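Chain letters run A, B, ... following the sequence lines, proteins first, then strands; residues in each count from 1. Quick caveat: nothing in here was measured; it's all calculated off a predicted structure.
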Amino acid sequence: MSNSKKVHTKFGEPSTEESTAANSAEVVQELDQDVQGQPSSSTNSKKRSRKRNKNKNGTGVTSEPTAAAASAASLESQPSIPETKKNKVFKFDVDEKKEEVTESNKIENTAEEESTQEKKPNDKEQVKPQRKKQKTHKVVEFFSDDEESNFRDTRGSNQPQQSLKQRASQLLSTRSNLPVYKSREQIMNHLNKNQVTILIGETGSGKSTQIPQFLLEQIPRDSKKQHKGIAVTQPRRVAAINLATRVAEEHGCPVGTAVGYSVRFDTTATHKTKLKYLTDGMLLRECILDPELSAYGVIIIDEAHERTVLTDLLMGFLKELLVKRNDLKLVIMSATLDAERFSKFFHSAEILFVEGRSYGVDRYYTKAACDDIVDSAIKSIVQLNQGEQEGDILVFLPGQEEIDKAVGILERLAPDLPKEAPLIVPFPLYASLSPADQAKVFLPLKARRRKVILATNIAETSVTVPGVRYVIDSGLRKVKLWRHSLGLSTLLTAPISKAAAMQRSGRAGREREGKVFRLYTESDYLKLPDQTEPEISRVNVTSPVLMLKELGVEDILNWSWLETPGEDSLISSLTQLYQLKALDDSGKITPLGHEMAILPLEPQLAAILIKSHREYHCLSDVIDIVSCLSVDNLVLNPSSETRDDVNERRRAVCGLGCRYGDLIMLKELLDCYLQFGNKDREERTQWCKDLALSSRGFRNVLKVRQQIRQYMMTLTKDKHLFQDIENDEEDDIEYGSKPMDIPAILKSFLTGHTTNTAIGLPDRSYRTTTNGSLIAIHPSSLLFGMKKDAIMFTDYVYTTRGYARNVSVVELEWLQEICGGVLKVNAANNEN
DNA sequence: GAGCACTGC
């Protein structure tokens with residue numbers, strides 16, 4: 001630490017915090033990477049020990065009335081709070097008592113490093129016996145390297161029942177050392193006595209794998225009586241799949257039997273499944289089919305602190321369902337103190353705390369605010385590389401632009417740096433990077449090299465890179481903000497919250513003690529909001545509102561929102577649904593609205609799809625385009641060196657796209673992809689590479705397409721809806737041979753995008769028809785720089801100026817025909 | 001003539 005002080009002259013004194021908010025779902029995501037053949041972390045600690053003090057009863061669990069959590073939440077402003085209480089909860093911010101807390105952590109560090117030496121006595125008496133106890137469990141951790149390789153072996157192989165059982169009993173010793181396992185009795189007593197339980201569990205507590213199993217083990221295995229099942233929701237698909245796989249193994253059964261999962265396009269659960277991991281979106285789908293959720297006796301909402309729109313909706317829905325179903329139990333699992341809100345929401349349900357296992361992270365702040373974040377990040381990386389011991393560096397930057405810039409600078413800089421320090425090897429990491437490029441961050445490096453991963457928010461929860469010991473945090477992120485008054489969303493660079501800063505720094509403490517270098521001052525840190533604003537308060541809620549209408553909620557404004565999106569936002573969503581004819585004059589859902597709610601698409605796209613069938617008779621082409629639109633990162637951003645070539649090739653393939661715009665381009669690209677067929681896989685992959693398209697993206701497009709076709713056949717009760725297409729596919733007739741009815745396709749889209757239109761001006765800029773603001777065609781569009789009478793776009797982004805993305809050419813007459821009312825507004829604007 | 005964070009059905 002003294003060494004680092006010398007080197008990091010820019011930073012102030014270190015302070016220490018516990019890493020928080022990371023959770024067991026992330027742990028399994030590491031596992032996923034291993035399953036996919038990526039190297040596991042060889043440095044993964046064999047000696048993981050707990051740093052957290054236990055409470056007096058020694059179980060690691062405390063059942064507290066909510067007032068205790070409230071006092072814990074306001075920790076900063078109550079320096080007189082007893083030490084024992086502080087240790088029960090997360091320390092979001094210990095800066096005001098930095099010395100005190102650093103001191104206590106120092107003692108703990110010492111105890112760990114000198115494991116044979118008896119700990120010096122201190123004033124925290126209750127800590128002492130517990131620490132002794134934990135030392136005996138040091139070798140045990142959630143996933144050791146050995147565990148993971150064994151896990152790989154058994155997964156997917158058809159092992160006899162006996163060996164599955166053997167494996168399960170082997171795993172039992174690992175399980176039984178998890179903090180949650182030790183508190184089993186207490187937790188289960190509480191769960192059995194209460195309808196709602198809020199559980200805060202830190203990283204590595206094992207809550208996501210163990211608590212569902214405790215509940216499962218209460219159900220007799222071979223009971224003839226029908227027992228209601230357990231559902232565990234996750235915000236991410238990969239987490240649901242991996243947790244189910246792991247838990248099935250611990251339970252000694254193949255996935256898809258007693259334990260299974262259900263995510264879009266991939267379900268292993270059957271009617272026999274008693275414990276099901278599923279995405280929150282999937283459970284909401286089940287709500288539509290069965291509003292009583294009668295298949296379940298217990299619902300567990302995991303990762304509730306992430307506050308995704310879908311989790312929030314589920315909690316509101318379940319709150320109402322609990323009144324109707326006295327036998328239903330609900331467990332809300334969270335990793336942060338935000339649980340206080342959950343408790344209040346569920347009529348002051350009690351909060352249980354379970355400790356976790358993670359390492360301390362020293363914090364450093366800059367002495368002055370940084371004006372150029374990329375420059376500051378580079379300087380910090382170089383300093384750190386020279387002054388600190390081995391360990392990889394994870395740098396959080398807001399977006400692709402900053403990351404690419406920083407990677408470029410580092411690549412030029414690295415060979416000229418002093419040779420005493422390890423060679424810096426930079427890796428970018430963001431979602432629109434191709435999977436192959438993303439995977440590079442997991443490759444091990446030769447000796448005397450240091451990995452520097454420059455990442456967006458993707459590394460905060462979705463991707464866990466092993467080996468990271470240092471985090472550099474710009475304190476910035478990109479946020480999509482929905483402006484309901486404009487009907488447009490903007491993408492802004494904004495400061496993160498304290499909770500997010502904590503989450504980011506926690507990435508340095510997953511395997512051993514780490515350090516975080518924050519590229520902002522401590523006083524700026526203190527000004528950050530405690531929690532990240534929940535998604536629901538900043539996004540377009542048209543889709544959630546339609547779902548609630550479908551579930552029979554009449555008074556949307558006064559529904560049991562965990563957090564209301566706001567009256568303006570709700571009213572604009574209701575208005576939009578009314579305009580799409582999903583709601584009638586009295587605000588009730590229409591038959592069309594019902595069909596839209598069933599389709600797994602944004603209401604706008606659903607409306608377009610149905611219109612394309614009933615009015616414009618071009619359903620199958622529109623399904624193809626809509627499928628492309630609903631897959632992320634299909635058309636990738638080419639790197640700056642290849643950009644011109646890629647654009648050239650795309651234009652060559654998309655003759656019609658060049659004339660009519662990006663929607664038609666998507667159809668042409670898909671047709672091209674399909675023409676390769678499965679015989680020419682290699683060629684097809686090369687083609688995708690040449691055009692900077694994602695093969696994985698296309699595979700998803702085909703899944704979505706298949707799903708939507710299925711839904712449309714059900715909705716129209718017409719089994720032969722796609723018969724001619726399917727015959728073509730069987731006969732291997734060339735794709736794209738049937739000419740598209742382009743006006744019909746574009747008119748279909750116009751019905752859903754009346755407000756996303758603009759009129760061309762002489763200088764190649766455009767004026768929107770809604771409020772007359774200036775907008776330009778985004779450079780990523782095939783129509784970039786072209787002058788057209790009128791355009792329609794699916795997306796709007798404001799950066800240096802307003803940009804329309806995914807642009808298509810429309811005719812002025814169509815605007816009059818389809819969005820007459822909108823044009824009048826435009827005329828009024830132009831007069832002003 | 002410029003550049004989009006992350007999820008879900």
Side-chain angles (χ1 to χ4, degrees), chain A residues 25 233-240 262-267 278-289 303 306-314 396-405 429-433 455-463 474 476-481 489-494 496 500 532 535-536 538-539 543-544 546-547 550 596-603 605-606 627 630-633 635-640 643-644 647 700 703-704 707-708 711 763-765 776-781 784-786 795-806:
Chain A
T233 71
Q234 294 293 323
R236 279 174 291 277
R237 292 164 46 95
V238 64
S262 176
V263 301
R264 192 185 187 184
F265 306 129
D266 190 2
T267 293
L278 70 179
T279 47
D280 35 25
M282 267 302 203
L283 190 59
L284 276 168
R285 287 272 139 190
E286 292 189 9
C287 291
I288 290 179
L289 297 174
E303 314 293 354
E306 288 195 24
R307 300 294 306 276
T308 66
V309 171
L310 298 177
T311 321
D312 270 25
L313 283 179
L314 263 181
F396 284 101
L397 289 169
Q400 180 182 345
E401 192 189 351
E402 292 84 357
I403 290 171
D404 287 344
K405 195 172 154 195
L429 181 61
Y430 42 82
S432 63
L433 220 51
T456 61
N457 254 354
I458 195 172
E460 225 177 69
T461 48
S462 302
V463 177
S474 65
L476 298 171
R477 61 172 182 152
K478 294 241 178 166
V479 227
K480 200 169 191 175
L481 265 186
S489 58
T490 53
L491 198 74
L492 299 172
T493 301
I496 59 172
T532 306
E535 198 186 1
I536 202 153
R538 41 165 242 264
V539 300
S543 191
L546 179 62
M547 180 168 272
E550 172 72 12
M596 286 164 56
I598 287 175
L599 287 168
L601 294 167
E602 288 292 308
L605 289 180
S627 304
S630 61
V631 167
D632 289 330
N633 302 317
V635 180
L636 304 168
N637 285 343
S639 65
S640 51
R643 186 208 305 143
D644 290 343
N647 284 342
N700 287 333
K703 285 184 196 165
V704 175
Q707 193 184 37
I708 296 175
Y711 274 112
D763 65 346
R764 290 198 276 185
S765 70
I777 296 176
H778 194 275
S780 64
S781 170
F784 175 69
M786 293 211 217
D795 233 342
Y796 169 90
V797 59
Y798 190 91
T799 50
T800 48
R801 59 190 293 193
Y803 283 107
R805 301 183 75 247
N806 254 323

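Atoms CZ (A:R285) and P (B:dT7) sit 20 Å apart, rounded to a whole Å. Per the geometry, CD1 belonging to A:I536 stands 16 Å off C1' belonging to B:dC6, to the nearest Å. In this structure, CD of A:E286 is placed 14 Å from C1' of B:dG8, rounded to the nearest angstrom. Rounded to whole Å, the distance from CG on A:D280 to P on B:dT7 is 13 Å. Here B:dC9 presents its P atom at 10 Å from CG of A:D266, a figure rounded to the nearest Å. When the C1' atom of B:dC6 is taken as reference, atom CG of A:D795 falls 15 Å away, rounded to whole Å. To the nearest angstrom, P of B:dT7 lies 19 Å from CG of A:L284. Atom C1' of nucleotide B:dG8 and atom CG of A:L599 are separated by 16 Å, given to the nearest angstrom.
Nucleic acid contact for A:R538: base, since at least one base atom lies under 4.0 Å from a heavy atom of the residue. At a threshold of 4.0 angstrom between heavy atoms, the contacts of A:G785 with the nucleic acid are absent. Here A:S780 lies out of heavy-atom contact (under 4.0 Å) with every strand. Nucleic acid contact class of A:E602 (heavy atoms, under 4.0 Å, all strands): base. Looking at heavy-atom distances under 4.0 Å, A:V263 makes contact with sugar-phosphate atoms alone, never a base.
Considering only the side chain of A:L491, B:dA5 comes nearest among B:dA5, B:dT7, B:dC9. Proximity note for A:L310 (side chain, C-beta onward) versus B:dG8, B:dT7, B:dA2: the nearest is B:dG8. The side chain of A:R236 sits closest to B:dT7 out of B:dA5, B:dC9, B:dT7. The listed nucleotides are B:dT7, B:dG1, B:dG3; the one nearest the side chain of A:H778 is B:dG3. The side chain of A:R237 sits closest to B:dC9 out of B:dG1, B:dC9, B:dA5. Among the nucleotides B:dA5, B:dT7, B:dC9, the one closest to the side chain of A:R264 is B:dC9. Distances from the side chain of A:P600 to the nucleotides B:dC6, B:dG3, B:dC9 place B:dC9 closest. Closest to the A:Y803 side chain, of the nucleotides B:dC9, B:dC6, B:dG3, is B:dG3. Here the nucleotide nearest the side chain of A:N457, chosen from B:dA5, B:dT7, B:dG3, is B:dA5. Considering only the side chain of A:I458, B:dC6 comes nearest among B:dC6, B:dA5, B:dG8.
Dashed line: the shortest gap from a side-chain N or O of A:T461 to OP1 or OP2 of B:dC6 is not under 4.0 Å. The phosphate of B:dC9 (OP1 or OP2) has a side-chain N or O of A:T279 nearer than 4.0 angstrom. Close to B:dC9, at under 4.0 Å from its OP1 or OP2, lies no side-chain N or O of A:Q707. Within the 4.0 Å cut-off from OP1 or OP2 of B:dA5, not a single side-chain nitrogen or oxygen of A:T493 is found.
To the nearest 0.5 Å, atom CG of residue A:D795 and atom NE2 of residue A:H778 are 9.5 Å apart.
Partner A:M282 forms a side chain to side chain contact (heavy atoms under 4.5 Å, CB included) with one of A:T267, A:L310, A:T233 and no other, that one being A:T267.
Between A:Y796 and A:F784, it is A:F784 whose nearest contact on DNA chain B lies nearer the 5' terminus. In terms of position along DNA chain B, the nucleotide closest to A:P779 lies nearer the 5' end than the nucleotide closest to the other residue of the pair A:P235 and A:P779.
A:D280 and A:Q234 share no donor-acceptor pair across their side chains, judged by distance under 3.5 Å alone. Remark: the A:D404 side chain and the A:Y430 side chain contain an N/O donor-acceptor pair separated by less than 3.5 Å.
Although no hydrogens or angles enter the test, the distance criterion places a donor-acceptor pair under 3.5 Å between the side chain of A:S630 and the main chain of A:S627. A:S543 places no side-chain N or O within 3.5 Å of a backbone atom of A:E602 that could act as its donor or acceptor partner.
Ion pair A:R236/A:E306 flagged as a salt bridge, since at least one NZ, NE, NH1 or NH2 atom sits closer than 4.0 Å to an Asp/Glu carboxylate oxygen.
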